[in-house]
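One structure below.
Each ligand, and each atom within it, is numbered from 1 in the order the structure gives. These numbers were taken from a predicted model, which means no experiment stands behind them.
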Amino acid sequence: MTTSIPLLKLNDGHKIPAMGFGTYPLDNPQAEKAVREALTAGYRLFDTASRYGNESGVGTGLVSFDVGREDIFVTTKLRGADQGYDSTLRAFDESLARLKMSYVDLYLIHWPLPAKDQYVESWKAMIRLQKEGRIRSIGVSNFLPEHLQRLIDETGVTPAVNQIEMHADFAQSELVGLHKKLGILTEAWSPLGRGKLLENPVVKRIADRHGKSTAQVLLRWVIDCGAVPIPKSAHPERMRANLHSFDFQLTPDDMGDLATLDSPHNRTGGDPATYVEE
Ligand SMILES: NC(=O)c1ccc[n+]([C@@H]2O[C@H](COP(=O)([O-])OP(=O)(O)OC[C@H]3O[C@@H](n4cnc5c(N)ncnc54)[C@H](OP(=O)(O)O)[C@@H]3O)[C@@H](O)[C@H]2O)c1
């Protein structure tokens, strides 16, 4: 992959860009336009999901752009209603058709949905699809330690990625530490806290010290925690600015100040232990 964004190695040997582009809640036409603008800005990792209803727009944006398939990294996700062995195989075919691609780089189980108890079966189907060469890397999203352990115990295959809610005021340090131990790469969804942290005075002070924006400070914090942020923006100038988070360093004092914001009560999305997809 040729890109100016640093590349990180996954536990299966494949490489992933150190920052990606999120596409929720863009609809198909918005996603197609945003993906082209993000490609122009320099993004090479794209995050969509069957549930977002925009795989088709993301795929059209990607395949209509002058970029080699090997030079982009495409992630999509299995929705809850499709969990189970046969239904995962079927749902994956449908996602691939909407994306207009012959493989995806990363396929994730979107939520564990423990009450449904189908994530191990879904995982077995994904292992098969990976062996068939239709998925490069397989991973999960919103998985808690007990869900990760069960996949490993029952299949012997460790996820390459766990994509979790993670932002400076919801740092998830214990889970990120466990990922490191298990060799799982952390992807951070809502790395800007869905925008709510952009006006935070602590973040603003750090941004002023470095002559950077608050968004850049929040993204740099994710990077320094060893995770891959996937910020979403529908504005080309913000897409570009967000990528300029690699050219400065946060000091130990900055990290200490940001740590004061952290609380387990600051999640913006569902709790994976109880979350049920509607
Ligand atoms: N796996 C999961 O369960 C899960 C859950 C949620 C999200 N995700 C993924 O993670 C991606 C990112 O999360 P998110 O979209 O929830 O939140 P986010 O990236 O933390 O924040 C997005 C918000 O920040 C604004 N923004 C972005 N850059 C900005 C900048 N430089 N200056 C000012 N405002 C800026 C955007 O507005 P504009 O668009 O108007 O610029 C948007 O309102 C999603 O798109 C999706 O792909 C995954």
Inset, instruction - Determine the interplanar angle of the Tyr24 and Tyr52 rings, folded into 0 to 90°, and report it as parallel if under 30°, tilted if 30 to 60°, perpendicular if over 60°. - result: tilted
Inset, instruction - Kindly identify the option in Gln30, Lys196, Arg238 whose heavy atom sits closest to atom 37 (O) of ligand 1. - result: Arg238
Inset, instruction - Please check if the side chain of Glu154 supplies one atom and the backbone of Leu151 the other of a donor-acceptor pair under 3.5 Å. - result: no
Legend entry - Enumerated ligand 1 atoms positioned under 4.0 Å from heavy atoms of His235: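 Listed by number with element: 38 (P), 40 (O), 41 (O).
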Inset, instruction - Identify, by atom number and element, the atoms of ligand 1 in contact range of Gln163, meaning under 4.0 Å from any of its heavy atoms. - result: 1 (N), 2 (C), 4 (C), 48 (C)
Inset, instruction - Count the heavy atoms belonging to other residues, nucleotides or ligands that lie under 6.0 Å from NZ of Lys116, then report whether that count exceeds 12. - result: yes
Could a heavy atom of [X] be found less than 4.0 Å from some atom of ligand 1?
X: Tyr52; result: yes
X: Ala241; result: no
X: Gly193; result: yes

Inset, instruction - Indicate yes or no: does an N/O atom of Leu198 lie under 3.5 Å from an N/O atom of ligand 1? - result: no
Inset, instruction - Look only at interatomic distance and state if Ala234 has a nitrogen or oxygen under 3.5 Å from any nitrogen or oxygen of ligand 1. - result: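 Between Ala234 and ligand 1 (N or O atoms, distance only) the closest approach is under 3.5 Å.
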Legend entry - Stepwise side-chain hydrogen bond (donor to acceptor under 3.5 Å, both in side chains) check, His147 with Gln149: CA-CA 5 Å; His147 310 134; Gln149 199 55 53; over 6 Å; no
Inset, instruction - Establish, yes or no, whether the cationic atom of Arg134 lies under 6.0 Å from the six-membered ring centre of Phe92 and within 45° of the ring axis. - result: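 Not satisfied by the 6.0 Å and 45° rule.
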Legend entry - Full working for side-chain hydrogen bond (donor to acceptor under 3.5 Å, both in side chains) between His210 and Asp254: CA-CA 10 Å; His210 290 279; Asp254 297 333; 2.6 Å; yes
Legend entry - Per-atom contact, atom 28 (N) of ligand 1, protein heavy atoms, under 4.0 angstrom: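 Yes, there is one.
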Legend entry - Heavy-atom nearest neighbour in the protein, as seen from atom 18 (P) of ligand 1, with distance rounded to 0.1 Å: Ser190 CA, 3.8 Å
